[in-house]
Amino acid sequence: MVARPLGDSIALKPHSIDDSSSKDAQDEEKRLSDKFAAHRHLVPLVSQNSDVIFLNAASAPPSNLIVHEAITRYSAEALYEAYPYTKWRGVRESARGLVARCINAEAPSCIAFTRDTTEGLGSFIRSVRFRPGDNVVLIDTEHPNQVYGWLVLRAAGLEVRQVPTIAEAERTDRIDAITAETLRPYVDSRTRAIGISSITFDSGQRNDVAGICAAFRPRGIHVLADITQHVGFAPVDVQALGLSAAAFSLHKGLNAPTGLGALYISPAAFAELGDPIPPIVSMQGVRNMGEDLVAGDGPVDMYPDARRFEHANMSLVGVAAAEAFTRFYLDVLGSEDVEAHLYSLTALLREECERLGIRILGPRERESRAPHICVLDLNSDEWALYLRDPGGARVTTNRLGVRVSFGFYSSVDDVRRFVRVLQLGIARGLQV
């Protein structure tokens with residue numbers, strides 16, 4: 001542990017992408033910087049408050065004027081229109097198509113809107129058929145909302161195997177992305193599913209989901225991914241990944257209000273599930289529901305896709321906000337540009353932390369780490385108190401240290417100001 005003295009000033013060295021000698025690379029970096037600076041005004045919390053350093057997009061970003069306008073429009077329709085529901089249902093289907101496009105789903109019908117990631121994960125988990133003695137493979141740091149969904153099925157005879165990555169990280173003093181080889185010793189002929197996050201919420205590692213699917217999906221093993229920390233921060237292609245299913249919230253990278261998520265199920269995986277019965281059946285998921293709203297006692301013809309898991313009374317205001325921002329994300333920001341912008345910011349923060357003697361946890365390789373997350377190896381209790389003080393920064397502290405996460409609205413100046421906060425903390429005697 002070392003404490004570095006505070007210098008007279010901060011001089012951040014110019015940052016560029018891999019080929020710093022290339023004028024094309026410099027021009028591209030300037031293009032991205034100018035592009036996202038032009039959109040920063042859409043987030044008043046950061047654009048109108050010079051004392052706010054918001055570095056917590058992985059938890060929930062501050063809202064923005066795109067979402068505000070959509071919610072205001074929804075509210076006006078609720079105030080002044082006698083029956084706005086027809087219009088709102090149209091917005092819902094538009095949003096479904098945009099979300100499907102965002103993750104490159106085979107069709108909009110592969111998407112069901114859910115309350116959150118947990119409901120999406122649980123819907124798929126409860127649809128996987130197993131016999132007593134079958135197993136599912138997870139890692140021990142997987143998000144609790146997926147882990148608990150499987151653990152409660154132990155009473156029905158399901159074995160839940162958790163790969164001990166925490167112990168391995170302590171032994172090797174490094175956190176590695178999960179690959180098929182990480183999981184292979186735990187997978188056997190009775191493995192029914194693998195649960196994995198494409199990008200982890202705590203360390204920000206980017207797991208090799210495509211490799212995992214390539215290794216185990218041909219064996220009939222489902223791969224269920226939590227892609228909440230992926231969608232809206234980088235391009236996602238569920239078909240290229242080869243996933244059975246994916247669940248995600250729309251309130252992080254896609255900036256919608258809390259209370260709305262999505263579940264993707266591939267057509268192939270849906271067929272393998274064998275006409276699954278949702279854990280909660282809503283008339284929204286029944287294809288032959290009559291307009292008279294009388295259920296009757298005839299056959300129940302449910303949608304032959306993810307839509308059977310959908311509920312009728314979803315958050316339509318959340319859908320309106322998601323529709324507006326997802327369109328903006330895809331057509332204006334661009335997923336590849338967002339990813340490149342975020343990688344540029346995390347790369348700069350990593351460089352400056354190394355200069356200060358602050359270790360960054362997790363993989364160093366670009367392809368194995370999140371574009372938007374850096375975890376600083378700092379005493380979370382000690383630094384949390386300091387960072388919560390006026391003049392600090394809005395971050396998350398977790399079991400590993402201090403998690404910093406950027407959004408589309410973040411800037412090089414945010415990094416510069418945060419580095420100043422870190423230097424002041426070191427000057428006060430906080431340890432690194």
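The structure displayed is predicted, hence computed values, not measured ones.
Side-chain contact between Glu323 and Leu98 is present, with at least one heavy-atom pair separated by less than 4.5 Å. When side chains are defined from C-beta on, Phe216 counts as touching Arg184, because their heavy atoms get closer than 4.5 Å. Using a 4.5 Å cut-off on side-chain heavy atoms (C-beta onward), Lys35 and Asp337 make contact. Contact check for Phe309 versus Ser127: side-chain heavy atoms found under the 4.5 Å cut-off. Within the 4.5 Å cutoff, the side chain of Cys110 has no heavy atoms near those of the Ser266 side chain. Using a 4.5 Å heavy-atom threshold, the side chains of Val236 and Val238 count as touching. Using a 4.5 Å heavy-atom cutoff, the side chains of Thr72 and Glu69 are not in contact. Here the side chains of Ile71 and Ser63 are not in contact, with every heavy-atom distance at 4.5 Å or above.
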query = Tyr83 and Glu77: side chain to side chain donor-acceptor pair (under 3.5 Å), yes or no, with the steps?
reply = CA-CA 9 Å; Tyr83 193 79; Glu77 291 164 355; over 6 Å; no
message = Using side chain to side chain contact (heavy atoms under 4.5 Å, CB included), reason through Ile103 and Asp237 one step at a time and then give a plain yes or no.
response = CA-CA 5 Å; Ile103 65 171; Asp237 187 337; over 6 Å; no
inquiry  = side chain to side chain donor-acceptor pair (under 3.5 Å), that's the test. Do Ser198 and Arg206 meet it? Break it down for me.
reply    = CA-CA 6 Å; Ser198 59; Arg206 191 167 183 164; over 6 Å; no
inquiry  = Under the criterion side chain to side chain contact (heavy atoms under 4.5 Å, CB included), I'd like the reasoning laid out for His311 against Met314: C-alpha separation, chi angles, the key distance, then a yes or no.
reply    = CA-CA 6 Å; His311 295 185; Met314 67 180 66; 5.6 Å; no
task = Test salt bridge (Lys or Arg N to Asp or Glu O under 4.0 Å) on Arg101 and Asp331 and set out the steps.
result = CA-CA 11 Å; Arg101 178 181 154 205; Asp331 296 342; 2.6 Å; yes
inquiry  = For a side chain to side chain donor-acceptor pair (under 3.5 Å) check, start with the C-alpha distance between Thr228 and Thr117, then their side-chain angles and the critical distance, and finish with the verdict.
reply    = CA-CA 7 Å; Thr228 297; Thr117 309; 2.9 Å; yes
inquiry  = Could you go through Arg217 and Val223, starting from their C-alpha distance and side-chain angles, then the distance that decides it, and tell me whether this counts as side chain to side chain contact (heavy atoms under 4.5 Å, CB included)?
reply    = CA-CA 7 Å; Arg217 279 294 289 131; Val223 179; 4.1 Å; yes
request  = For Arg219 and Asp188, run salt bridge (Lys or Arg N to Asp or Glu O under 4.0 Å): C-alpha distance rounded to whole Å, both residues' side-chain angles, the deciding distance at 0.1 Å, then the answer.
outcome  = CA-CA 10 Å; Arg219 294 168 54 176; Asp188 61 23; over 6 Å; no
task = Could you please spell out the steps behind the salt bridge (Lys or Arg N to Asp or Glu O under 4.0 Å) verdict for Arg403 and Asp202?
result = CA-CA 8 Å; Arg403 188 188 71 183; Asp202 51 358; over 6 Å; no
message = Checking Arg115 against Glu310 for the salt bridge (Lys or Arg N to Asp or Glu O under 4.0 Å) test, could you report, in this order, the C-alpha distance in whole Å, the side-chain angles of both residues, the deciding distance, and whether it holds?
response = CA-CA 9 Å; Arg115 183 177 58 188; Glu310 203 161 87; over 6 Å; no
task = Kindly indicate, with the supporting measurements, whether the criterion side chain to side chain contact (heavy atoms under 4.5 Å, CB included) is fulfilled by Leu42 and Phe328.
result = CA-CA 12 Å; Leu42 294 172; Phe328 175 72; 3.5 Å; yes
Stepwise side chain to side chain donor-acceptor pair (under 3.5 Å) test for Glu142 and Ser197 = CA-CA 7 Å; Glu142 182 55 48; Ser197 289; 2.6 Å; yes
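At a threshold of 4.0 Å, the pair Asp275-Arg308 counts as salt-bridged, since one of the basic side-chain nitrogens sits closer than that to a carboxylate oxygen. Between Arg40 and Asp414 a salt bridge is recorded (basic side-chain N to carboxylate O distance below 4.0 Å). At a threshold of 4.0 Å, the pair Glu159-Arg161 counts as salt-bridged, since one of the basic side-chain nitrogens sits closer than that to a carboxylate oxygen. Between Glu354 and Arg364 there is a salt bridge, since at least one side-chain N of the basic residue sits less than 4.0 Å from a carboxylate O of the acidic one. Glu352 and Arg416 are not joined by a salt bridge, as no carboxylate oxygen comes within less than 4.0 angstrom of a charged side-chain nitrogen. Remark: Arg129 does not engage Asp134 in a salt bridge, criterion side-chain N to carboxylate O under 4.0 Å. Taking the charged nitrogens against the carboxylate oxygens, Asp27 and Lys30 have no contact shorter than 4.0 Å, which rules out a salt bridge.
Between Phe124 and His222, a ring centre-to-centre spacing shorter than 6.0 Å is recorded. Aromatic rings of Phe233 and His372 (six-membered ring for Trp) have centroids within the 6.0 Å cut-off, being under it. A distance below 6.0 Å separates the ring centres of Phe408 and Phe325. A ring-centre distance under 6.0 Å is not found for His341 and Phe406.
Atom CG of Asn313 sits in a sparse spot, with 12 or fewer heavy atoms from other residues, nucleotides or ligands closer than 6.0 Å.
Tyr409 and Ala57 make their closest contact through OH-CB, 3.4 Å (heavy atoms, listed as atom of the first residue, atom of the second, distance). Nearest heavy atoms, Cys353 versus Leu422: SG-CD1, 4.2 Å. When every heavy atom of Ala246 is checked against every heavy atom of Leu224, the shortest pair comes out as N-CD1, 4.3 Å. Across all their heavy atoms, Leu263 and Gly120 have their closest contact at CD1-O, 3.5 Å. Looking at every heavy atom in both residues, Ala384 comes nearest to Thr397 through CB-CG2, 3.6 Å. In terms of heavy atoms, Pro299 sits closest to Asn288 at O-ND2, 2.9 Å.
Taking SG from Cys374 and CG from Leu345, the interatomic distance works out to 9.5 Å, rounded to the nearest 0.5 Å. Within the model, atoms OG of Ser368 and CG of Asp208 stand 8.0 Å from one another, a figure rounded to the nearest 0.5 Å. The CG atom of Leu349 sits 11.5 Å away from atom OG of Ser344, with the distance rounded to the nearest 0.5 Å. Between atom CG of residue Leu387 and atom CD of residue Glu382 there is a gap of 10.5 Å, rounded to the nearest 0.5 Å. Rounding to the nearest 0.5 Å gives a distance of 8.5 Å between CG of Leu333 and CD1 of Ile66.
A cation-pi contact, defined as under 6.0 Å to the ring centre and within 45° of the axis, links Arg307 to Tyr303. Remark: Arg366 is positioned above the aromatic ring of Tyr343, its terminal NZ or CZ atom under 6.0 angstrom from the ring centre and at most 45 degrees off the axis.
By the salt bridge (Lys or Arg N to Asp or Glu O under 4.0 Å) test, Arg369 pairs with no residue at all, sequence neighbours left out.
Looking at Asp140, its side chain does come within 3.5 Å of a backbone N or O of Ile166 through a donor-acceptor pair. Between the side chain of Asp301 and the backbone N or O of Arg287 there is no donor-acceptor pair closer than 3.5 Å.
In this model, a donor atom of one side chain and an acceptor atom of the other lie less than 3.5 Å apart for Gln205 and Asn207. Checking Asn135 against Thr191 by side-chain atom types alone, a donor-acceptor pair falls below 3.5 Å.
Of the listed residues (Ile175, Thr141, Thr165), just one forms a side-chain contact (heavy atoms from CB on, under 4.5 Å) with Ser203, and that residue is Ile175.
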